[in-house]
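Below is one structure, written out as structure tokens; comments come after it.
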Amino acid sequence: MMLYIIYKGKDIMKRKAILSLLNVQLCKKFFTAAIISIVFLSLGTFFVPSLAQTVEQKVQQNTTTFDGQILFAPMDSKITYLIDSTGVVNHTWSSSYLPGVGVRWLGDGTILRTIRVGVGPGTGGAGGGVQKIEWDGTVVWDFRYNTNGHLSHHDVISLPNGNVLLIAWETKTSAEAIAAGRNPNYVSSNGLYPDHIIEVQPTGSTSGTIVWEWHVWDHLIQDYDSSKANYGVVGDHPELVDINYKTSSESDWMHTNSVDYKEEFDQILISVCYFDEIWIIDHSTTTAEAAGHTGGNNGKGGDLLYRWGNPAAYRAGTTLAQKLFNQHDASWIDEGCPGEGNILVFNNGMGRSGSRYSSVDEIVPPVDENGEYYLKPGSAYGPTAQTWIYTGSPPTSFYSSHLSGAERLTDGSTLICNGEPGVFFEITSTNTTVWTYKNPYPAGAANNVFKIVYIPQEAEQPESNASDLDCSGSLSWTDIEPGETVTGSFQVQNVGNITSLLNWTIDISSVPWGTWSYTPESGENLSPGDRQVTVQVSVVAPDEKNSDFAGYIRVENKDNPDDFEWIPISLTTPVSTKPVQWTMLNQFLLHFLQRHLFIEKLWNLFSPWYEPLSD
């Protein structure tokens, strides 16, 4: 029985289109047979577990694991979760929106959560807004940045002054891109979506003032068109960005996917995914200075203070010197943690030569006590090598083509989020794994996580009210025909003190598959002396054959957001009668091409329209 996977984005649709063409492309029979043979030879090590297996073994730990909590917002869920090291959900925040895509802890039970609000420029990681949500679910700030060709995306961070930094795309037309020296062969009809950073000061429940901004568009250089004002020698200006470095016509030119802030130097660190670099810029400038080349603590205006990961991007080396590959979550290691002040980054490994694998890399930037970064004339920024690297054993056992992050703890351990499979784990300073968690939310087949946030035990949180709600039962159906209606039930009761009255309801949006109905959907004034309420459940099975569906039904106490229960659910549809090579094999190939670089290269050779995944 194959696992049902919820895929997203045009790249996945292209994969599916490619696989469907296998049924009619008879001229490729020999190549297809070769791929089939290689896949089946590899099946001994290639297996995706079902949610039932994941839930039963979702946490592995020993006594030395962390003692705080983890905050995360699954990519396909409108719920943000707070769990402890045992995997117990201590709190949730519900939203009307999917994440867009980062979330941050502000303290005292309040989170800062990006939201995905709709149409705008850009691709993966699109957001458009940010909300500040208190412990009880109250949205106290709802700011949108999705108009006039702008769209916030990926990450967000709160500054010490209470303002908020956002990453955003802005839209440049094809004519504007060419006028800035972009090679016309690298410009599509959609133009270009360069990134900028804005600092927003909240001014009301739905309003904010942009008090500072930085645009990469103000710091370009190129050696393609000598008639343009920014024409120059790229290798002589590492502080500027070559507008022609990326030679594709993709509009999302940079794909910046993380932002961090260092108060000591008043500097900003960003991860520029498609350049395979991390950049540092000066935040002490005014907006006018940030648009120029002078001013600020470092005297360089908005020019880059430091860049690392791919010297070829500024003509200071070849691809042999490249260290980062589609990286995510670049951050300074916090004060009080081993390596404080160093930079930690999840190095995804997309495009890495040889076998495809991910790593977590730590570097020591060449910075002095004044926040000045050393660069030897005519060379690349140091360091020449990472000071610490974590990889799997074997390296190919740890890989996420996109998403993901890492955070250093005070005891020297590192928490890692392997975002694509939704796996969190803790490793010691000697690279020993001491804790592992498989995210089951919202369903085992749709459990991607952008990154996680560690909250130390001493962090203050509002006290939760006593629990009144208790639910029992589970729902499981096997060998169900697509479209068939099945039924089941579970129980709800009040286990609170003798004077308590329970008002409960079912979150009907908590299950992303099937058509569900509940009788009753809610109840009022249930006392501890009342009998259990039996909820009758009816579901119409999804249309997909040969699939495994799983998840949870969330039952909530209307009067206490901390009081909720999960009812496990699972449903399987029977094996299709279509030839096995076009049902099971197609699903295997969807996973296989993502995880085996050699096979993907062969596929590319015969299928030039195939494109790799990106977030």
Side-chain angles (χ1 to χ4, degrees), residues 4 6 50-52 54-56 74 76-81 88-89 91-98 136-137 439-447 465-496 500-544 547-573:
Y4 176 68
I6 298 176
S50 70
L51 180 64
T54 299
V55 171
E56 290 173 3
D76 295 298
S77 174
K78 296 177 181 179
I79 299 173
T80 300
Y81 296 86
V88 170
V89 177
H91 191 68
T92 63
W93 295 260
S94 295
S95 173
S96 300
Y97 303 93
L98 293 172
D136 63 0
N439 171 39
Y441 309 117
N447 66 340
N465 298 324
S467 175
D468 295 332
L469 175 66
D470 182 66
C471 296
S472 58
S474 61
L475 301 169
S476 180
W477 302 277
T478 59
D479 206 28
I480 304 301
E481 290 292 335
E484 181 180 349
T485 299
V486 292
T487 60
S489 65
F490 63 89
Q491 288 71 45
V492 177
Q493 64 179 331
N494 185 347
V495 294
S500 64
L501 293 175
L502 173 63
N503 300 314
W504 62 272
T505 186
I506 296 172
D507 179 0
I508 61 175
S509 66
S510 59
V511 184
W513 51 267
T515 302
W516 294 77
S517 61
Y518 309 92
T519 306
E521 287 188 359
S522 61
E524 302 289 335
N525 298 324
L526 183 65
S527 72
D530 294 333
R531 300 181 65 178
Q532 289 181 333
V533 175
T534 297
V535 178
Q536 301 293 336
V537 179
S538 174
V539 59
V540 179
D543 291 333
E544 291 82 0
S547 300
D548 218 5
F549 301 87
Y552 295 88
I553 296 170
R554 178 183 166 99
V555 185
E556 305 170 343
N557 182 339
K558 292 181 180 180
D559 303 316
N560 180 4
D562 300 328
D563 191 8
F564 57 88
E565 294 283 331
W566 297 102
I567 303 297
I569 55 175
S570 65
L571 183 148
T572 61
T573 53

Exercise. Rounded to the nearest 0.5 Å, how far does OG1 of Thr92 lie from NZ of Lys78?
Worked result: 15.0 Å
Problem set entry | Residues in side-chain contact (heavy atoms from CB on, under 4.5 Å) contact with Thr534, at least two apart in sequence or another chain | Ser489, Gln491, Gln536
For this session: Report yes if some heavy atom in the side chain of Pro440 is under 4.5 Å from a heavy atom in the side chain of Tyr552; otherwise report no.
Result: yes
Problem set entry | Inter-residue atom distance Ile79.CD1 - Ser94.OG, 0.5 Å rounding | 4.5 Å
Seminar exercise, completed: Heavy atoms of Val89 and Phe564 approach each other most closely as CG1-CZ, 3.5 Å
For this session: Examine the side chains of Ser570 and Ser476 and answer whether a donor and an acceptor come within less than 3.5 Å of each other.
Result: yes
Problem set entry | Sub-4.5 Å side-chain heavy-atom contact between Leu571 and Thr478 | no
Exercise. Of all heavy-atom pairs between Asn525 and Asp530, which one has the smallest distance, and what is that distance?
Worked result: O-OD2, 3.9 Å
Exercise. Any chance the side chains of Asn439 and Asn447 put a donor and an acceptor closer than 3.5 Å?
Worked result: no
Exercise. What's the spacing between Asp559 CG and Leu502 CG if we round to 0.5 Å?
Worked result: 8.0 Å
Problem set entry | Qualifying residues under side-chain hydrogen bond (donor to acceptor under 3.5 Å, both in side chains), relative to Tyr518, sequence neighbours excluded | none
For this session: Work out which heavy atom in Ile567 is nearest to a heavy atom in Ser474; give both atom names and the distance.
Result: CG2-CA, 4.0 Å
Exercise. How far does SG of Cys471 sit from CZ of Arg554, to the nearest 0.5 angstrom?
Worked result: 11.0 Å
For this session: Could you check Ser522 against Lys558 for side-chain contact (heavy atoms from CB on, under 4.5 Å), going step by step and ending with a plain yes or no?
Result: CA-CA 9 Å; Ser522 61; Lys558 292 181 180 180; 4.3 Å; yes
Problem set entry | Separation between CG of Asn557 and CG of Asp470, rounded to the nearest 0.5 Å | 12.0 Å
Problem set entry | Evaluation steps, side-chain contact (heavy atoms from CB on, under 4.5 Å), between Val535 and Ile506 | CA-CA 10 Å; Val535 178; Ile506 296 172; 3.9 Å; yes
For this session: Using modelled atom types only, decide if a donor and an acceptor are shared between the side chain of Asp563 and the backbone of Asp468 within a distance under 3.5 Å.
Result: yes
Problem set entry | Considering all heavy atoms, the nearest Thr573-Glu544 contact | OG1-O, 2.8 Å
Exercise. Can you check whether Ala541's main-chain N or O pairs, donor with acceptor, with Trp477's side chain at less than 3.5 Å?
Worked result: no
For this session: Could I get the full list of ring pair (Phe, Tyr, Trp, His ring centres under 6.0 Å) partners for Trp504, not counting sequence neighbours?
Result: none
For this session: Kindly give the heavy-atom pair with the smallest separation between Ser500 and Pro528, and that separation in Å.
Result: O-CD, 3.4 Å
For this session: May I have the step-by-step check of side-chain contact (heavy atoms from CB on, under 4.5 Å) for Glu565 and Ser472, ending in yes or no?
Result: CA-CA 9 Å; Glu565 294 283 331; Ser472 58; over 6 Å; no
Exercise. What class does the angle between the rings of Tyr441 and Tyr81 fall in, given that below 30° is parallel, 30 to 60° is tilted and above 60° is perpendicular?
Worked result: parallel
Exercise. Of all heavy-atom pairs between Phe490 and Val537, which one has the smallest distance, and what is that distance?
Worked result: CE2-CG2, 3.6 Å
For this session: Check each of Asn494, Leu526, Val492, Asn503 against Leu469 using the side-chain contact (heavy atoms from CB on, under 4.5 Å) test, and report the only one that passes.
Result: Val492
